[in-house]
Amino acid sequence: MAKNTNIRISFPAVCFVWQIAMIILFGVFIRYNEESDTRWIEHRRRKNISTNLENDFYYRYPSFQDVHVMIFVGFGFLMTFMKRYSFGGVGFNFLIAAFGIQWALLMQGWFHYLDENDGKIKIGVENLINADFCVAGCLIAYGACLGKVSPVQLMVLTLFGVTLFAVEEYIILELLHAKDPGGSMVIHTFGAYYGLTISWVLYRPMLSQSKHLQGSVYHSDVFAMIGTLFLWMYWPSFNSAIADHGDGQHRAVINTYLALAASVLTTFAISSISQKHGKLDMVHIQNATLAGGVAMGTASEFMITPYGSLIVGFCSGIISTLGYLFLTPFMEKTLKIQDTCGIHNLHAMPGVIGGIVGAITAASASESVYGKEGLINTFDFKEAVANRTVNIQGGYQAAGLFVAIAFGLVGGALVGGILKLPIWGDPADANCFDDEVYWEVPEDEDDNILSRHPNMNHARGMPDTYQRSHV
Amino acid sequence: MAKNTNIRISFPAVCFVWQIAMIILFGVFIRYNEESDTRWIEHRRRKNISTNLENDFYYRYPSFQDVHVMIFVGFGFLMTFMKRYSFGGVGFNFLIAAFGIQWALLMQGWFHYLDENDGKIKIGVENLINADFCVAGCLIAYGACLGKVSPVQLMVLTLFGVTLFAVEEYIILELLHAKDPGGSMVIHTFGAYYGLTISWVLYRPMLSQSKHLQGSVYHSDVFAMIGTLFLWMYWPSFNSAIADHGDGQHRAVINTYLALAASVLTTFAISSISQKHGKLDMVHIQNATLAGGVAMGTASEFMITPYGSLIVGFCSGIISTLGYLFLTPFMEKTLKIQDTCGIHNLHAMPGVIGGIVGAITAASASESVYGKEGLINTFDFKEAVANRTVNIQGGYQAAGLFVAIAFGLVGGALVGGILKLPIWGDPADANCFDDEVYWEVPEDEDDNILSRHPNMNHARGMPDTYQRSHV
Amino acid sequence: MAKNTNIRISFPAVCFVWQIAMIILFGVFIRYNEESDTRWIEHRRRKNISTNLENDFYYRYPSFQDVHVMIFVGFGFLMTFMKRYSFGGVGFNFLIAAFGIQWALLMQGWFHYLDENDGKIKIGVENLINADFCVAGCLIAYGACLGKVSPVQLMVLTLFGVTLFAVEEYIILELLHAKDPGGSMVIHTFGAYYGLTISWVLYRPMLSQSKHLQGSVYHSDVFAMIGTLFLWMYWPSFNSAIADHGDGQHRAVINTYLALAASVLTTFAISSISQKHGKLDMVHIQNATLAGGVAMGTASEFMITPYGSLIVGFCSGIISTLGYLFLTPFMEKTLKIQDTCGIHNLHAMPGVIGGIVGAITAASASESVYGKEGLINTFDFKEAVANRTVNIQGGYQAAGLFVAIAFGLVGGALVGGILKLPIWGDPADANCFDDEVYWEVPEDEDDNILSRHPNMNHARGMPDTYQRSHV
């Protein structure tokens, strides 16, 4: 069953058309905000701002750069774990993130940052962070489809993913007024169910034909640890990047740091207990250690207490590792969901845990713990929601979780349907997880060694596999 | 001499019990400090703090993230250099750092941050930095034992290491009132002698049986350079992270930046001069280039002058490289100290140099150079030590160095004794430096290539070389 | 045609002599500036500075660390792409950057930071950033010579490169009063033409003898992506690190972020359209995706508008990729310029584009867009140039571009002539791109696997492939 994976026309066309569309839409809609405009000095005088340091840039730029590393190196290298799909893992991650952030600036801009006076979107460093966040949802979805889709499909997945994200985010954060600074619901839950549903629609019954390429080799597992560690280390920045100035960012960092530390220990424990001789499995270490960060996304700013954060990390590390052990095989066999990176275990379940933890923590907040002003600041009980109680807030938090899941499932089904059309140049089942489909792959390590002794190198002109089949 | 390396019960048990203990102790003792608590707004009003930027978070968070990268990626990847112990290098580093930071928050909290009013430890970003620092001592110690101990032993090493660190740090910084912002004494000297003594107690006479695995391969050396470079680049943050606000952090960065630059040049020079044809040795480049950062840890905040920093880096690069050339083989043969990563050259000697440099620089400080207020600020000549002279300070700095060495030696002997018990699942001499003991290792690169042609892959069950001899 | 590549005397001698010279010159000339001196507290009082945060350290340190990562990990790992020159790529990059930053502090100090009162250079965090910038020019030049020069030659290249840079920068920024915060002209254009001219002078007619080593292998391409991504992610910090406090840094980040995103899409598109089946080429992805950052270096602070930034990235991604496809082979064949990393495509052309974009954007600036004060601040129309118009500024920007090119060409020809002397220990044409010339290289991966079964390992002395054919 040969498939046409030639994307020489379609892929460049999509890139060019969409990039030109971005330029036009940016020309019509996007401008600098008053903190990134040369008129900032006038703005400062008008608002009586005493120092340049009060420019939001200085509050958020270090966190932005950390988030940026998570998106491009963290997600990218986490997806290099397969023996022959490292180019596709880190390369396509790069591509769709670079496209997605542009489209996200527009989509999120229309919903959140539109200046009513002139109909323009005014951007600053917070928009860059939010664009990175938005694209994270699509990268999570890519994790479920890794190795099985074409770059054209990924561009489509990202276009719709960002669009759905912006709507879903608007409903959860603005209409429901739920809090979700690290995106347990908005990013992780939505992204994971979006990707899993797409993967379910695109089910490949004969995927076992490329099973031999789905594993890792020694070095590719080490590459993936680069991704894991940059995600793990910078996750405190992720969960605090758009938190409130001052104590909000400070507390989000502490909570995330602790949750992550706890999930490392439980991941190692469950991984060891599940294998013969107690040997550890790199798949668990690369992924489930991060579950604490995902699960702390909603409640990161809340007064969940340091030991509360440890408990969240403790539980999510266990659940995530158990997911890799039992749920992923079950889902593949029974539910026909092929989840290459196990995003259900790393993002869906910990994301849902995060949403639930957020709802419970919000509902149990009190003035005695938060202080009167602290409670108002933390939950933004101002203006339209000035009279909201913490119990009601808890309910809205829970509602937000359902919105995220619903958008993921429905959106994934729709986009999956589109991606099932036989026009996107996706690989045949036997050619999944193989960079040779979409990349010029250099000669193998072993050819390389042969080539260092040119006098023995009589067979260099022959194609790679041909040569080998005659040994 | 087969050894039982099955840790399927003991290792998960240790992880679970200790993580649960952490949760309980955090529940009893640890709370947010006033800068990470929602009542920060009340605190600001009470203390008349005009802006959220005065929250310590904004002074220290960028440095914290840099230190965090050094701990997890820097130390972790520096230890991936061996051909078949990269999983253990980066993975166990991850494990013990994640455990150690929790225990460090408690131990250091009890000694330094206990709120007398309510008996609670109040934490903020400075505590997170200090916890990372504390754990660095244990990771240094791990460097001497790399490849020769079980993860259970590492957990024990870390538990006691953090405990000893907190006591030693309390004596040096609080009782002796010595300065050591980058931890030449507190972190590097202590950590190195702690690890070396443990390694001496655990001496393995037949370690040559796994000599063939102790070297590197081409790619593993490149992985290790990731660790080297992230340590090198972020070391200015390490030495300035908890320095005084303003000029203190600023000066510590400059001094460290210069010392590191100088040690690169002398390392390359000595490495080249020591080999046939002047060829460079990756072991030196990966390690001794960092000696300048270690040696600048104590004096980083002092007015050591830019050229003084260069001299410190110059000397420590030379001494460290000479250590790799002559001292490590000598120590292994004569002193029976097997030091896998050569921490004696990278941490012990440069750490001692750093302590001595700190003592001399302190003793030679003067009001004419520092200014009257500057001298008081830099050495904290306030309250109980308001009348201390710089000469006396120099003496106390030197005393601090001896405390660090003593804690390393005595602590290492005790903990080494504990780790010698035959219950920890450590590997036999012939199985050291081999990930297969504690990790599920994927098939080899070469199997991989064969496995891409499944029809030829009839011999998968056979050992690698056997298979090849029949092709 | 054997060449003597023994550098056991010359290389250590150069390192020692130059490092000692640095120490002496630093001793005579370099001191802390008032923000990194212990007298900062007196300075604060004198200047009525209310908070430590106004120390420039807090404005610039996060960007400095990002730039530092670009220099050492970004440039370093980008140059690991070759199958057997990864040590030289990342290692020599490390060496010359560590030397260059010291010499740059002196050279730039004499031109820009000399305190007239005492004849000393006063340094702070901005100097560290500028030193990193300066060294970037030499690292770019190294890219053209990668694999073909000895470390001694690289030290010479760096000594002169930094010197030329400091003069050229002084002319462009101080005398012409051109703006170039991200160094499109000063860093990229100069560095590229400097390196290309050197490579042209050092033309190797028989370089095809080492052609088999000039390509990549699978893992080395993944290593190179580490370099690419850290350059790409931190480029907004590069272009904003020394921009104006407040809106200047903020706007530079936004512009660079957008230009980079756009060049990713056009790079992927052109790469795909140029290959059979639309397969992507890692060389393009590793390099041309960065062209947007280079091209935004001069105009980063200007009100180029977000869509203007996208257009700059769009065009430079295309031009850079086309350069790899057509110009590099043409230059090698016809112009006798062997450009190992294709710096003409990544730095020279996008740098020139950046200079032109800067000139045009400056010439078309207006008070209606910038505001009266904004225009003055952005272009520093103060003191001697208080009456300069934007049109004249545009002309001076263009003049700056020519100065950069001229310094590159003339300087490169001179230094190339020096490097052509037969005393530097450079490799023969057949030994280029091979780490074995200057490094102790560990045994191969395959020996490694064999060595794990020591009983079969009787043939270790024989060449690799020979051994295999007899097993």
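Naming convention: chains lettered A, B, ... in sequence-line order (proteins, then strands); numbering from 1 in each chain. Reckoned from all heavy atoms, side chains included, excluding hydrogens, waters and symmetry mates. Computed from a predicted model, the values in this text were never measured in an experiment.
With a threshold of 4.5 angstrom between heavy atoms, T289(A) approaches chain B through side-chain atoms but not through N, CA, C or O. In this structure, the portion of N55(B) lying under 4.5 Å from any heavy atom of chain A is its side chain and not its backbone. Looking at Q286(A), there are no atoms closer than 4.5 Å to chain B (heavy atoms on both sides), in backbone or side chain. Neither the backbone nor the side chain of L375(A) comes within contact range of chain B; no heavy atoms are under 4.5 Å apart. Both the backbone and the side chain of I304(A) come within contact range of chain B, each with at least one heavy atom under 4.5 Å from a heavy atom of that chain. Heavy atoms closer than 4.5 Å to chain B are found in the side chain of L258(A), but not in its backbone. Contacts between S10(B) and chain A at a heavy-atom distance below 4.5 Å are absent for every atom of the residue. With a threshold of 4.5 angstrom between heavy atoms, V369(A) approaches chain B through N, CA, C or O but not through any side-chain atom. Interface remark: I71(B) contributes no atoms to any contact with chain A (heavy atom separation under 4.5 Å). Both the backbone and the side chain of S216(A) come within contact range of chain B, judged by heavy atoms closer than 4.5 Å. Heavy atoms of Y370(A) lying under 4.5 Å from chain B belong to its backbone as well as its side chain. When heavy atoms are compared at a cutoff of 4.5 Å, V437(B) approaches chain A solely by way of its backbone atoms N, CA, C and O.
Most heavy-atom pairs under 4.5 Å with chain B, from the set G371(A), G374(A), P306(A), A261(A): that is P306(A). Between chain B and the residues N255(A), I318(A), V283(A), the most heavy-atom pairs under 4.5 angstrom are made by N255(A). The candidate with the highest count of non-hydrogen atom pairs below 4.5 Å against chain B, out of D221(A), L260(A), D244(A), is D221(A). Most heavy-atom pairs under 4.5 Å with chain A: of the set V28(B), N33(B), V125(B), this distinction falls to V125(B). Across E35(B), M155(B), Q65(B), the residue that shares the most heavy-atom pairs under 4.5 angstrom with chain A is Q65(B). The residue among F94(B), F99(B), F16(B), Y438(B) with the most heavy atom pairs within less than 4.5 Å of chain A is F94(B). Most heavy-atom pairs under 4.5 Å with chain A: of the set G89(B), P62(B), G124(B), G76(B), this distinction falls to G124(B). When F11(B), Y58(B), F29(B) are compared by the number of non-hydrogen pairs under 4.5 Å with chain A, Y58(B) comes out ahead. When the candidates I273(A), I285(A), I226(A) are compared by the number of heavy-atom contacts under 4.5 Å with chain B, I273(A) comes out ahead. Residue with the most contacts toward chain A among V69(B), T80(B), I30(B): V69(B) (heavy-atom pairs, distance under 4.5 Å). Most heavy-atom pairs under 4.5 Å with chain B: of the set L53(A), V222(A), I311(A), this distinction falls to V222(A).
Between the side chains of Y32(B) and D247(A), not a single donor N or O lies within less than 3.5 Å of an accepting N or O. A side-chain donor from one of Y61(B) and S237(A) sits under 3.5 Å from a side-chain acceptor of the other.
A donor-acceptor pair under 3.5 Å is formed between the side chain of K279(A) and the backbone N or O of E436(B). For R31(B) (side chain) and T305(A) (main-chain N/O), no donor-acceptor pair under 3.5 Å exists by modelled atom type. A side-chain donor-acceptor contact under 3.5 Å links R251(A) to the backbone of S36(B).
The ring-ring contact (aromatic ring centres under 6.0 Å, His included) with F230(A) is formed by just one residue from the set F77(B), F230(B), F72(B); it is F230(B).
No side-chain heavy atom of M225(A) sits under 4.5 Å from any side-chain heavy atom of V73(B). With contacts defined as side-chain heavy-atom distances shorter than 4.5 Å, the pair T38(B)/N377(A) does not qualify. For the pair Y59(A)/F57(B), no side-chain contact is recorded, criterion being any heavy-atom separation below 4.5 Å from C-beta on. Proximity of H277(A) to T5(B): side-chain heavy atoms (C-beta onward) are nowhere separated by under 4.5 Å. Under the 4.5 Å side-chain criterion, counting only non-hydrogen atoms from C-beta, W40(B) is not in contact with H250(A). In this structure, E440(B) and Q275(A) have side chains that are in contact, with non-hydrogen atoms separated by less than 4.5 Å. The closest side-chain heavy-atom distance from F314(A) to I20(B) is below 4.5 Å.
Separating the OG atom in S272(A) from the CH2 atom in W439(B) is a distance of 10.0 Å, to the nearest 0.5 Å. Interatomic distance, L95(B) CG to T267(A) OG1, rounded to the nearest 0.5 Å: 10.5 Å. Here the OH-CG distance, from Y218(A) to D435(B), works out to 3.5 Å after rounding to the nearest 0.5 Å.
Using cut-offs of 30° and 60° for the angle between ring planes, the F268(A) and F92(B) rings count as tilted. Aromatic ring orientation, H68(B) versus W232(A): parallel (interplanar angle below 30°, classes split at 30° and 60°).
Contact record, G278(A) with N6(B): N-OD1, 4.1 Å, taken as the closest heavy-atom pair. Looking at every heavy atom in both residues, Q102(B) comes nearest to A262(A) through NE2-N, 3.7 Å.
Proximity to chain A at a heavy-atom threshold of 4.5 Å picks out L128(B), A131(B), D132(B) from residues 126-133 of chain B, in numerical order.
Within a 6.0 Å sphere centred on NZ of K372(A), heavy atoms belonging to other residues, nucleotides or ligands number 12 at most.
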Next on the checklist: Y257(A) vs I101(B), test: side chain to side chain contact (heavy atoms under 4.5 Å, CB included). Steps then yes/no.
Outcome noted: CA-CA 10 Å; Y257(A) 176 95; I101(B) 53 180; 3.4 Å; yes

Item to check | Evaluation steps, side chain to side chain contact (heavy atoms under 4.5 Å, CB included), between R45(B) and E373(A) | outcome: CA-CA 12 Å; R45(B) 197 179 311 118; E373(A) 284 166 294; 2.3 Å; yes

Item to check | T266(A)/Q19(B) under side chain to side chain donor-acceptor pair (under 3.5 Å): CA gap, chis, key distance, verdict | outcome: CA-CA 8 Å; T266(A) 51; Q19(B) 186 57 57; over 6 Å; no

Checklist entry - Checking side chain to side chain contact (heavy atoms under 4.5 Å, CB included) for the pair H219(A)/F223(B): CA distance, chi angles, key distance, verdict? => result CA-CA 9 Å; H219(A) 283 137; F223(B) 277 122; 3.5 Å; yes

Item to check | I123(B) vs I254(A), side chain to side chain contact (heavy atoms under 4.5 Å, CB included): CA-CA, chis, key distance, verdict | outcome: CA-CA 8 Å; I123(B) 64 169; I254(A) 295 172; 3.7 Å; yes

